[in-house]
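Reading through the structure tokens given below for one structure.
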Number of protein chains: 2
Amino acid sequence: MPNRSLKPKLPKSPSGCPMDSLLRLLMGQWTCYILWVLCTNGPLRFGELKRNVPGLSSKVLTERLRMLEESRIIFRDHHPSIPPQVTYGLTERGKELLTALDELFEIAKRWCVEDESVASPESL
Amino acid sequence: MPNRSLKPKLPKSPSGCPMDSLLRLLMGQWTCYILWVLCTNGPLRFGELKRNVPGLSSKVLTERLRMLEESRIIFRDHHPSIPPQVTYGLTERGKELLTALDELFEIAKRWCVEDESVASPESL
DNA sequence: AAGGGTAGTTACCAAAAAGTACCTACTTTC
DNA sequence: GAAAGTAGGTACTTTTTGGTAACTACCCTT
């Protein structure tokens with residue numbers, strides 16, 4: 001049986017600022033992308049999730065999932081069958097978080113369009 | 001004269017996703033905190049900014065400011081007087097971004113309160 | 001005339017993060 | 001009977017970051 005001992009080691013936010021803890025969590029590479037995949041695809045098994053994020057290693061995926069689970073942003077549903085079946089999905093907190101991240105996404109898209117129209121002006 | 005040659009080296013988002021570029025920018029340590037300080041205090045000079053973010057080194061501050069300037073999230077106002085006077089502040093883009101980040105901040109605060117009330121339930 | 005403040009830059013080093021490869025234990029499929 | 005798939009864990013290496021200290025050039029203050 002896997003012992004789930006991989007240490008997530010969030011530095012525990014010495015400043016005590018709530019935003020600091022949240023940023024520290026989201027700032028890790030892949031983290032937001034993992035959340036976005038879980039949001040658009042619904043709950044996924046470990047392997048499916050990994051296949052949906054090309055380039056992501058098992059090690060890092062496990063770390064990220066542990067941190068997100070600990071913060072109750074995602075849930076972990078474990079069926080100790082053979083082969084084992086573990087499903088991850090967004091909790092209510094996770095969905096709430098995604099609505100905020102979605103706003104960032106909208107901004108990113110808007111800026112991208114703006115930048116393109118600056119790069120190639122319509123005056124031809 | 002400082003030659004402003006410090007390479008910001010954003011990995012240029014190989015995936016081409018707009019959100020990826022934005023996250024790559026915001027994800028760096030201190031970046032969001034710098035933006036928050038500029039938002040709450042208004043435009044600040046380099047030294048003032050540094051003093052407002054304890055623990056942040058000149059090197060990293062310069063790197064972050066260059067990246068944010070390049071993305072037009074902050075502006076850089078340079079008066080080549082002696083001593084030199086350089087002021088940084090949020091652009092319209094920056095202010096737009098901060099409204100989105102503020103929502104994350106609200107979520108972080110709410111969760112923090114929730115977690116405390118779970119840790120010490122009112123049933124005494 | 002020595003020290004401090006201005007806004008950085010550079011080189012060097014230490015720490016943290018991420019990637020790689022290989023391992024479990026069991027079943028199903030080829 | 002060997003390979004592949006399940007969900008990770010472990011050890012090792014490499015890459016990326018961030019911090020430190022010293023430096024620029026010029027002025028004002030003590």
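A note on names: the letters A, B, ... follow the listed sequences, proteins ahead of strands, and every chain is numbered from 1.
- At the phosphate of D/dG9, OP1 or OP2 sits under 4.0 Å from a side-chain N or O atom of A/Arg66.
- A/Lys50 forms no cation-pi arrangement with A/Phe46, by the criterion of a distance under 6.0 Å to the ring centre and an angle within 45° of the ring axis.
- At the phosphate of D/dG8, OP1 or OP2 sits under 4.0 Å from a side-chain N or O atom of A/Arg76.
- Side-chain atoms of A/Arg45 and A/Thr87 include no donor-acceptor pair closer than 3.5 Å.
- If you take CE of B/Met27 and P of D/dG18, they are 10 Å apart, rounded to a whole angstrom.
- As rounded to whole Å, 12 Å separates atom C1' of D/dT6 from atom OH of A/Tyr88.
- Checked by distance alone, A/Lys59 brings no side-chain donor or acceptor within 3.5 Å of a matching partner on the base of D/dG9.
- Note: CH2 (A/Trp30) to C1' (D/dT16) measures 15 Å, nearest angstrom.
- Counting heavy atoms from C-beta outward, A/Val37 and A/Trp30 have side chains that stay 4.5 Å or more apart.
- One can place CG of A/Asp77 at 12 Å from P of D/dG8, the figure rounded to the nearest angstrom.
- Whole-Å rounding puts the A/Gln29 CD to D/dT15 P distance at 15 Å.
- When side chains are defined from C-beta on, B/Arg64 counts as touching B/Val60, because their heavy atoms get closer than 4.5 Å.
- Shown here is B/Trp36, whose CH2 atom has no more than 12 heavy atoms of other residues, nucleotides or ligands within 6.0 Å.
- In this structure, the helix from C/dA1-D/dT30 to C/dC30-D/dG1 shows an angle of 20° between the axis at its start and the axis at its end, each fitted on 5 base pairs and rounded to 10°.
- Toward the 5' end of DNA chain C, the nearer of the two residues A/Pro84 and A/Ser57, judged by each one's closest nucleotide, is A/Ser57.
- Side chain of A/Ser117 to main chain of A/Glu114: a donor-acceptor pair is present (N/O by atom type, distance under 3.5 Å, no hydrogens or angles).
- At whole-Å resolution of the value, CD in A/Glu63 and C1' in C/dA18 are 8 Å apart.
- Spacing between atom CG of A/Leu65 and atom P of C/dA18 amounts to 14 Å, rounded to whole angstrom units.
- No salt bridge links A/Glu63 with A/Arg66; every basic N to acidic carboxylate O contact stays at or beyond 4.0 Å.
- Within residues 36-56 of chain A, no residue approaches DNA chain C, by heavy-atom distance under 4.0 Å.
- Under a 4.0 Å N-O distance rule, the pair B/Lys109/B/Glu106 qualifies as a salt bridge.
- Taking for each of A/Ser58 and A/Ile82 the nucleotide of DNA chain D with the nearest heavy atom, the 5'-most of the two is the partner of A/Ile82.
- Between A/Glu92 and A/Arg72, none of the side-chain N atoms (NZ, or NE/NH1/NH2) sits under 4.0 Å from a carboxylate O, so this pair counts as no salt bridge.
- Between B/Gln85 and A/Pro83, the residue anchored closer to the 5' end of DNA chain C is B/Gln85, taking for each the nucleotide with the nearest heavy atom.
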